[in-house]
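One structure is given here, and the rest of the page talks about it.
When a ligand or atom number is given, it counts from 1 through the structure's own listing order.
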Amino acid sequence: MAAITRLAKPSSSISYLRRCLSTSISSETNPLFSSRKDPKDRNVQWVFLGCPGVGKGTYASRLCNLLGVPHIATGDLVREELASSGPLSQQLSEIVNQGKLVSDQIIINLLSKRLEAGEAKGESGFILDGFPRTINQAEILEGVTDIDLVVNLKLQEDVLLEKCLGRRICSECGKNFNLASINVKGENGNPGISMAPLLPPAHCTGKLITRSDDTEAVVKERLRVYSEKSQPVEEFYRSRGKLLEFDLPGGIPQSWPKLLEALNLDDYEEKQSAAA
Ligand SMILES: Nc1ncnc2c1ncn2[C@@H]1O[C@H](COP(=O)(O)OP(=O)(O)O)[C@@H](O)[C@H]1O
């Protein structure tokens, strides 16, 4: 990922990226494109798409543990910046708490810093969660590196809202839990869905917090913004033959094995646990 990190350092990273990308230098001679390695010689470069509350973070982080790649969630980068009370903090808090998207420029800068830090630690490959979220971000990413696969997680909208409202985070260990108990009956040929709550262990129970943007009004706005700005990103990757659609059949116990199967990783998990 040297390309993105090197490109995005200047504060005007997007216009800088655009300038670089519009040059007609070939990929062999342009060092900006040196990260376009043969997929055989590097770890996976995947993207997770899906509406707020669908479980991108849960499944992306599990896959990252399995595949040994970093889980890079731009929402986490935004929240870290918010918590740091740095110069961007106030501006970001207003945007996030209205359910709007942060500017592409700020996101690219946060992502670049994260990739640069990872590169310094010798990280290779990634699963991106929550990026790209606009066509502009998708084009920028496409311009600097190869994405092998895009997983599009899907759940019906009423379930998404319940899941966001039930979401809790342990303020000490940072783990995510969910208090919602979902039981939707099948209707009009659509299958029903059940998801058991993901309850915290006793030592986290008294330390649970709710994200400030997980209120009903803000979640509804985030869902609206997703369909306006991020659904076109699904089409962007679909038309490039990279999109894997995955309808979650239930909670983690039902969905995780099916997801591994869809990714042809069911054998991989068995081999990994046998080797552990
Ligand atoms: N790629 C991005 N582009 C613009 N804004 C982003 C991006 N990623 C995260 N954000 C901001 O951070 C907030 C939280 O992101 P995230 O944790 O991914 O939420 P969600 O649960 O809505 O998927 C978003 O509502 C948005 O304001």
Side-chain angles (χ1 to χ4, degrees), residues 4 8 13-14 17 46-61 64 71-84 86 88-115 126-145 147 150-155 157 159-169 174-178 180 198 209-234 236-237 248:
I4 288 191
S13 55
I14 291 185
L17 276 171
W46 290 358
V47 162
F48 263 60
L49 293 182
C51 288
V54 74
K56 297 185 294 292
T58 303
Y59 295 102
S61 68
C64 285
H71 169 216
I72 303 181
T74 44
D76 289 346
L77 302 181
V78 168
R79 281 182 288 278
E80 276 162 29
E81 187 67 33
L82 269 173
S84 74
L88 279 179
S89 172
Q90 178 62 26
Q91 191 191 345
L92 287 180
S93 133
E94 278 168 27
I95 299 170
V96 171
N97 289 325
Q98 287 173 10
K100 307 285 186 219
L101 290 185
V102 172
S103 75
D104 290 342
Q105 178 167 355
I106 291 177
I107 284 291
I108 299 270
N109 276 329
L110 292 176
L111 181 59
S112 303
K113 273 196 237 155
R114 168 62 188 83
L115 291 167
F126 51 74
I127 297 183
L128 294 178
D129 156 4
F131 184 93
R133 240 180 171 99
T134 63
I135 289 285
N136 189 38
Q137 292 176 9
E139 282 171 347
I140 288 168
L141 187 61
E142 193 78 358
V144 293
T145 196
I147 296 301
V150 178
V151 180
N152 188 25
L153 295 184
K154 295 199 293 195
L155 265 179
E157 188 161 326
V159 175
L160 294 170
L161 181 61
E162 268 192 75
K163 280 195 68 204
C164 283
L165 298 182
R167 193 149 61 178
R168 298 290 182 277
I169 302 158
K175 284 208 176 109
N176 285 283
F177 304 100
N178 208 303
L198 184 59
I209 51 168
T210 306
R211 265 169 59 173
S212 59
D213 58 344
D214 274 345
T215 63
E216 183 163 349
V218 179
V219 173
K220 285 187 170 161
E221 176 60 7
R222 279 156 56 207
L223 289 168
R224 192 197 63 74
V225 169
Y226 185 88
S227 68
E228 181 189 321
K229 302 268 172 56
S230 306
Q231 235 144 30
V233 176
E234 296 174 8
F236 178 93
Y237 288 117
L248 289 158

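Scanning the protein for heavy atoms near atom 15 (O) of ligand 1, the closest one is Gly75 CA, 3.4 Å. With hydrogens left out, the protein atom closest to atom 8 (N) of ligand 1 is Thr74 OG1, 2.9 Å, a heavy atom. The protein heavy-atom contact nearest to atom 21 (O) of ligand 1 is Arg222 NH2, 2.9 Å. Atom 1 (N) of ligand 1 has its closest protein heavy atom at Gly130 O, 2.9 Å. For atom 6 (C) of ligand 1, the closest non-hydrogen atom of the protein is Ile107 CD1, 3.6 Å. Looking at atom 27 (O) of ligand 1, its nearest protein heavy atom turns out to be Lys100 O, 2.6 Å.
Residue Gln231 qualifies as enclosed at atom CD: its count of foreign heavy atoms under 6.0 Å is above 12.
Side-chain contact between Val54 and Tyr59 is absent, with no heavy-atom pair separated by less than 4.5 Å. Val233 has its side chain out of reach of Arg133: every pair of non-hydrogen atoms, C-beta onward, lies at least 4.5 Å apart. When side chains are defined from C-beta on, Val150 does not count as touching Phe236, because their heavy atoms never get closer than 4.5 Å.
Residue Ile95 places every heavy atom at 4.0 Å or more from ligand 1.
Relative to atom 19 (O) of ligand 1, the option among Lys229, Lys56, Glu221, Arg211 with the closest non-hydrogen atom is Arg211. Of the candidates Arg79, Arg133, Arg167, Gln98, it is Arg133 that places a heavy atom closest to atom 24 (C) of ligand 1. Of all the listed residues (Val102, Leu128, Ile106), Val102 holds the heavy atom that lies closest to atom 5 (N) of ligand 1.
Across all non-hydrogen atoms, the minimal contact from Ile72 to Leu111 is CG2-CD1, 3.7 Å. Looking at every heavy atom in both residues, Phe177 comes nearest to Leu198 through CB-O, 3.2 Å.
Going from atom NZ of Lys113 over to atom CG of Leu77 covers 9.5 Å, rounded to the nearest 0.5 Å.
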Residues Lys100, Asp213; criterion salt bridge (Lys or Arg N to Asp or Glu O under 4.0 Å); working and verdict: CA-CA 10 Å; Lys100 307 285 186 219; Asp213 58 344; over 6 Å; no
For Arg168 and Thr210: C-alpha separation, side-chain torsions, deciding distance, then whether side-chain contact (heavy atoms from CB on, under 4.5 Å) applies. CA-CA 5 Å; Arg168 298 290 182 277; Thr210 306; 3.4 Å; yes
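Interface of Pro52 with ligand 1, defined as ligand atoms under 4.0 Å from a residue heavy atom, comprises 20 (P), 21 (O), 22 (O), 23 (O). Within the listing of ligand 1, atoms 1 (N) sit less than 4.0 angstrom from a heavy atom of Phe131. In the vicinity of Leu101, heavy-atom distances shorter than 4.0 Å reach the ligand 1 atoms 4 (C), 5 (N).
Residue Gln137 has at least one N or O atom closer than 3.5 Å to an N or O atom of ligand 1.
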